[in-house]
Amino acid sequence: MAQSNAESAGSVEVPASEHGAGFPPFNSHTFASQLLWLALLFVALYVLMSRVALPRIGSILEARRRHIDADLAEAQRFKDASDAAIAAHETALADARGRAQALANETRAKAAAAADARRKQVDAKLHDRIREAEKAIAVTRSSAMANLRGMAVEAAGAIVERLTGVTPASEEVGQAVTKVLKR
Amino acid sequence: MDPIHQFEIKNLLPIAHIGGIEIAFTNSALFMLIGLATILLLMLGATRSRALVPGRLQTVAEVSYEFVATTLRSTAGPEGMKFFPLVFSIFMFILVLNLMGIIPYAFTVTSHIIITVAFALLVFLTVVIYGFWQHGLHFLKLFVPSGIPIYILPLVTAIEVLSFFSRPVSHSVRLFANMLAGHITLKVFGGFVVMIGGFGFLGWLGAALPLALTTVLTALELLVAVLQAYVFAILTCIYLNDAIHPGH
């Protein structure tokens with residue numbers, strides 16, 4: 001690079017000697033014009049940028065940012081409203097579920113109590129009937145036992161008479177039967 | 001074929017001679033004018049409708065606005081925004097002039113050191129004047145970093161002063177040299193294509209390599225054009241930051 005640079009600098013030596021400088025960027029004769037135009041045009045650029053273009057773009061960006069912020073805020077408001085609605089809905093649902101639960105419990109308790117009362121009633125009735133039946137059985141049994149004793153006395157008397165030919169006294173037989181029955 | 005020919009200033013319209021100094025409307029001035037018109041078309045024409053949903057050109061204008069604003073704000077802080085029009089004008093002007101220079105037959109205004117020196121001195125003087133106006137002699141704290149042991153402080157201060165005054169040199173030469181070197185390289189390889197291509201059919205084959213290189217270099221120059229405009233702008237931001245916060 002440096003070589004080609006030097007070479008080319010050498011090759012333009014001829015016009016350089018005429019104008020007093022060789023390499024164009026170092027030719028001081030052109031500096032005044034370049035600086036003048038640079039100053040004029042750069043000042044124009046600076047003024048137009050700082051007065052018009054940059055404030056305009058700044059305001060465009062600011063307006064867009066505000067618009068987006070407003071939209072986001074609105075979206076947030078809608079979201080909050082929908083959240084509140086969902087919360088209310090869930091509370092109502094929970095309430096209803098709780099009420100249904102309470103109602104079911106109450107009904108179940110009532111039904112259980114009714115069933116219990118009815119069972120007790122039936123139990124008592126059954127108990128009474130069992131007691132009556134037992135009493136009847138006891139009466140029947142004692143009468144049957146009394147009959148049994150009479151039959152046993154007669155039978156014993158008949159057996160003794162048949163075996164011995166002697167008719168025993170009914171009191172004796174009665175005593176003997178009573179003694180056996182007691183055993 | 002002469003790779004230097006492209007940098008020559010041609011008088012298109014002589015205007016005046018003031019004390020032996022020639023003032024003329026030159027090709028450099030013409031391209032500065034075209035560059036200015038391009039920027040105005042983009043920044044004013046494309047934003048005329050102030051569309052809420054921007055079109056393509058308005059998007060370009062907005063993106064360049066926000067790009068420079070973000071760069072300046074992150075480098076020089078919110079107070080730096082008072083220099084936003086300056087930084088923006090410098091960035092856009094250099095960017096457009098750099099990019100226009102890649103167009104064949106176009107003149108590259110930024111390949112002349114007087115232009116880049118003018119920009120660098122504009123920034124340098126802005127920094128110095130604003131620094132003293134805003135901070136008075138406290139601006140000189142810029143050269144005396146805090147937390148340095150007293151026995152090496154003179155050395156550090158000397159280095160700081162030296163680096164401060166070499167800023168406009170490096171600031172201007174970087175842009176100038178990049179543009180100059182890039183365009184010379186392009187021209188040299190372009191010259192090879194014409195030269196080798198002149199040897200008939202075999203020459204055409206031979207010219208393919210420099211042609212491919214020229215294509216690649218053009219892409220590289222496009223990158224350099226944008227990058228150097230950005231580098232110039234961000235260095236401007238960094239220097240302005242010194243004028244705003246000289247304590248650091």
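As a basis for the values below, the full set of heavy atoms in this structure was taken, side chains included, without hydrogen atoms, waters or symmetry mates.
- Around CD of A:E172, the count of heavy atoms belonging to other residues, nucleotides or ligands within 6.0 Å does not exceed 12.
- Proximity to chain A is absent for every atom of B:I18, based on heavy atoms less than 4.5 angstrom apart.
- For the set B:I115, B:V109, B:I113, the count of heavy-atom pairs under 4.5 angstrom toward chain A peaks at B:I115.
- Only the side chain of A:L61 has a heavy atom closer than 4.5 Å to any heavy atom of chain B.
- With a 4.5 Å cut-off on non-hydrogen atoms, A:L35 touches chain B through its side chain but not through its backbone.
- Using a 4.5 Å heavy-atom threshold, the side chains of A:R64 and B:E62 count as touching.
- Of the residues considered (B:T47, B:L33, B:I15, B:I39), B:T47 shows the highest number of contacts with chain A, using heavy-atom pairs under 4.5 Å.
- Of the two parts of A:L54, the backbone and the side chain both hold a non-hydrogen atom closer than 4.5 Å to a non-hydrogen atom of chain B.
- Interatomic distance, CZ of A:F23 versus CG of B:L180, reported as 4.0 Å (0.5 Å rounding).
- Residue B:A51 touches chain A through its backbone alone, counting heavy-atom pairs closer than 4.5 Å.
- In terms of non-hydrogen atom pairs under 4.5 Å with chain A, the most contact-rich of B:T26, B:L86, B:I21 is B:L86.
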Let's go through B:L44 and A:R56 carefully: what are the C-alpha distance in whole Å and the side-chain angles of both, what is the deciding distance for side-chain contact (heavy atoms from CB on, under 4.5 Å) to 0.1 Å, and is it a yes or a no? CA-CA 9 Å; B:L44 291 174; A:R56 184 191 287 174; 4.2 Å; yes
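- Of the atoms belonging to A:L45, heavy atoms from both backbone and side chain fall under 4.5 Å from chain B.
- Most heavy-atom pairs under 4.5 Å with chain A: of the set B:E22, B:M43, B:R50, this distinction falls to B:R50.
- Taking the six-membered ring for Trp and thresholds of 30 and 60 degrees, A:F26 and B:F176 have ring planes inclined between 30 and 60 degrees apart.
- Heavy atoms only, all atoms of each residue included: A:L38 and B:M32 are closest at CA-SD, 3.5 Å.
- Chain B forms the most heavy-atom pairs under 4.5 Å with one residue out of A:A63, A:G58, A:A39, and that residue is A:G58.
- Atom OG of B:S28 is separated from atom CD of A:Q34 by 4.5 Å, given to the nearest 0.5 angstrom.
- Ranked by heavy-atom pairs under 4.5 Å with chain A, the list B:F88, B:Y65, B:F84, B:F25 is led by B:Y65.
- With a 4.5 Å cut-off on non-hydrogen atoms, B:I90 touches chain A through its backbone and its side chain both.
- The shortest non-hydrogen separation linking B:H112 to A:P25 is ND1-CA, 3.5 Å.
- Annotation for B:A24 and A:S33: closest pair N-OG, 3.1 Å, computed over non-hydrogen atoms.
- Relative ring orientation between B:F93 and A:F42 is described as tilted, the plane-to-plane angle lying within the 30° to 60° band.
- For a residue to count as touching a neighbouring chain, one of its non-hydrogen atoms must lie under 4.5 Å from one of that chain's; by this rule B:S111 touches chain A with the backbone only.
- Put simply, the side chain of B:I9 does not reach to within 4.5 Å of the side chain of A:P24, judged on heavy atoms.
- For a residue to count as touching a neighbouring chain, one of its non-hydrogen atoms must lie under 4.5 Å from one of that chain's; by this rule B:L36 touches chain A with the side chain only.
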